[in-house]
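Everything quoted here is computed from the prediction, not taken from an experiment.
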Amino acid sequence: MMPRAVATHFSELLLFVLAALEHTGFETMMHFGTLLGAARLGGPLPWDEDHDVYLLETEPAQVGQRLGPLLAEHGFVLSWDANGFFWVREKLWPADSGHLALHFLPPLEEKLEQLPVWEGGAPHLLQSELRPLRPLPYYSSYVWAPQKLEELLLRLYGRSGERDVMSAFQAPPVTAEFLQFWGEARSPERLDWPAISQRFRQRSRWKHLLCAPWWWFNGGYILAINWLRRRARSRS
């Protein structure tokens, strides 16, 4: 469902932002579809349109001050959402998809019966299930997940998120150059921020216009439906 060029650009957004957060001293954990894709496919879900990241033990003001200017230097915009989280997008952005959401992990409960009903970002995670964080392979790099990963996925997705069900899918293909670069630049033991920074300072500011997931997923769907409607009207 996701072409190679789109999957490469889409995944580079996540890995760059994670590298920038690590470089500026923030701790992260994946959540929602991003976590499911990493846990089951080792990459994004082939139908996903944005990345979901939790920030741990920090405040919005710190993120804005330390991360915002750094992202701007590399062609991204950090914008605050009225619902209480940040969006990370390209400066030139043609569609409402292909971006990254930075949420703030809410206070965690101690007992299972205290967990809130999933709504608007409820974590479905106990204090004892969070740490120590564990790395999950994400193509040739990695992302962070809670220690009790399966418990969280079960609460979020139930049977539909189990391994045997998800084995029907695979992560979208990416370029060999992408795999080589991120395998060398970012691992749990190493962060080559100068190389990552240089890569994104030198990249094209226009390439992403053809790599927004909206074009291949929602856009393609809407165009096809409209074409079928016109065809039906012409026949009738």
- prompt: If you count the non-hydrogen atoms of other residues, nucleotides and ligands that lie under 6.0 Å from CD in Q170, is the total more than 12?
  reply: no
query: Would the number of heavy atoms belonging to other residues, nucleotides or ligands and lying under 6.0 Å from CD of E110 be above 12?
result: no
State, with a plain yes or no, whether a side-chain heavy atom of [X] is found less than 4.5 Å away from one of [Y].
{"X": "T34", "Y": "L100", "value": "no"}
{"X": "L55", "Y": "T28", "value": "yes"}
{"X": "R203", "Y": "E12", "value": "no"}
{"X": "L78", "Y": "L70", "value": "no"}
{"X": "H51", "Y": "V17", "value": "no"}
{"X": "L125", "Y": "P146", "value": "yes"}
{"X": "M30", "Y": "Y138", "value": "no"}
{"X": "L35", "Y": "D52", "value": "no"}

Could you give the distance from [atom1] ([X]) to [atom2] ([Y]), rounded to the nearest 0.5 Å?
{"X": "M29", "Y": "H103", "atom1": "CE", "atom2": "NE2", "result": "11.0 Å"}
{"X": "E162", "Y": "L154", "atom1": "CD", "atom2": "CG", "result": "7.0 Å"}
{"X": "Q114", "Y": "Q127", "atom1": "CD", "atom2": "CD", "result": "9.0 Å"}
{"X": "H74", "Y": "K91", "atom1": "NE2", "atom2": "NZ", "result": "10.5 Å"}
{"X": "L18", "Y": "H23", "atom1": "CG", "atom2": "NE2", "result": "14.5 Å"}
{"X": "R163", "Y": "L41", "atom1": "CZ", "atom2": "CG", "result": "10.5 Å"}

Hydrophobic clustering (ILVMFWY, side-chain heavy atoms < 4.5 Å, transitive) - are [Y] and [X] grouped together?
{"X": "L71", "Y": "W193", "answer": "yes"}
{"X": "L56", "Y": "V63", "answer": "yes"}
{"X": "W144", "Y": "F104", "answer": "yes"}
{"X": "F86", "Y": "V77", "answer": "no"}
{"X": "F200", "Y": "L179", "answer": "yes"}

Nearest atoms (heavy-atom pairs only) where [X] meets [Y]:
{"X": "S140", "Y": "G183", "answer": "OG-N, 3.1 Å"}
{"X": "Y142", "Y": "E22", "answer": "OH-OE2, 3.3 Å"}
{"X": "A38", "Y": "V143", "answer": "CB-CG2, 3.7 Å"}
{"X": "L67", "Y": "A20", "answer": "CD1-CB, 4.0 Å"}
{"X": "P46", "Y": "P172", "answer": "CA-CG, 3.8 Å"}
{"X": "G33", "Y": "D48", "answer": "C-OD2, 3.9 Å"}

D164 and R40 ion-paired at < 4.0 Å: no
- request: Flag the pair E57 and R131 as a salt bridge only when some basic side-chain nitrogen lies within less than 4.0 angstrom of an acidic carboxylate oxygen.
  value: yes
task: Measure from the side-chain N and O atoms of S11 to the backbone N and O of T8, and report whether any donor-acceptor pair falls under 3.5 Å.
output: no
task: Report yes or no: does Y54 contribute a side-chain atom to a donor-acceptor pair with the main-chain N or O of P106 at less than 3.5 Å?
output: no
- request: Show the numbers, then the answer: is there a side-chain contact (heavy atoms from CB on, under 4.5 Å) between L45 and M166?
  value: CA-CA 10 Å; L45 300 173; M166 292 298 298; 3.6 Å; yes
field: Contacts of S141 that satisfy side-chain hydrogen bond (donor to acceptor under 3.5 Å, both in side chains) - sequence neighbours left out
entry: R186
field: Counterpart residues, side-chain hydrogen bond (donor to acceptor under 3.5 Å, both in side chains), relative to E59 (two or more places apart)
entry: none
- request: Return the set of residues passing ring-ring contact (aromatic ring centres under 6.0 Å, His included) with F76 (not counting sequence neighbours), or none when no residue passes.
  value: F16
- request: Can you label the angle between the W182 ring and the F178 ring as parallel, tilted or perpendicular, going by 30° and 60°?
  value: tilted
task: May I have the step-by-step check of side-chain contact (heavy atoms from CB on, under 4.5 Å) for V53 and L14, ending in yes or no?
output: CA-CA 9 Å; V53 179; L14 174 63; 3.9 Å; yes
field: Hydrophobic cluster (4.5 angstrom, side-chain heavy atoms) - remaining members for F85
entry: W87
- prompt: Sequence neighbours excluded, which residues qualify as side chain to side chain contact (heavy atoms under 4.5 Å, CB included) partners of D192?
  reply: A185, R190, P194, A195
message: My understanding is that only residues two or more places apart in sequence, or in another chain, count here; which of them pass side chain to side chain contact (heavy atoms under 4.5 Å, CB included) with E151?
response: E129, K148, R155
message: What verdict does the side-chain contact (heavy atoms from CB on, under 4.5 Å) test give for L152 and H31, after you've listed the backbone C-alpha separation in whole Å, the side-chain angles of each residue and the deciding distance to 0.1 Å?
response: CA-CA 9 Å; L152 175 57; H31 204 44; 3.7 Å; yes
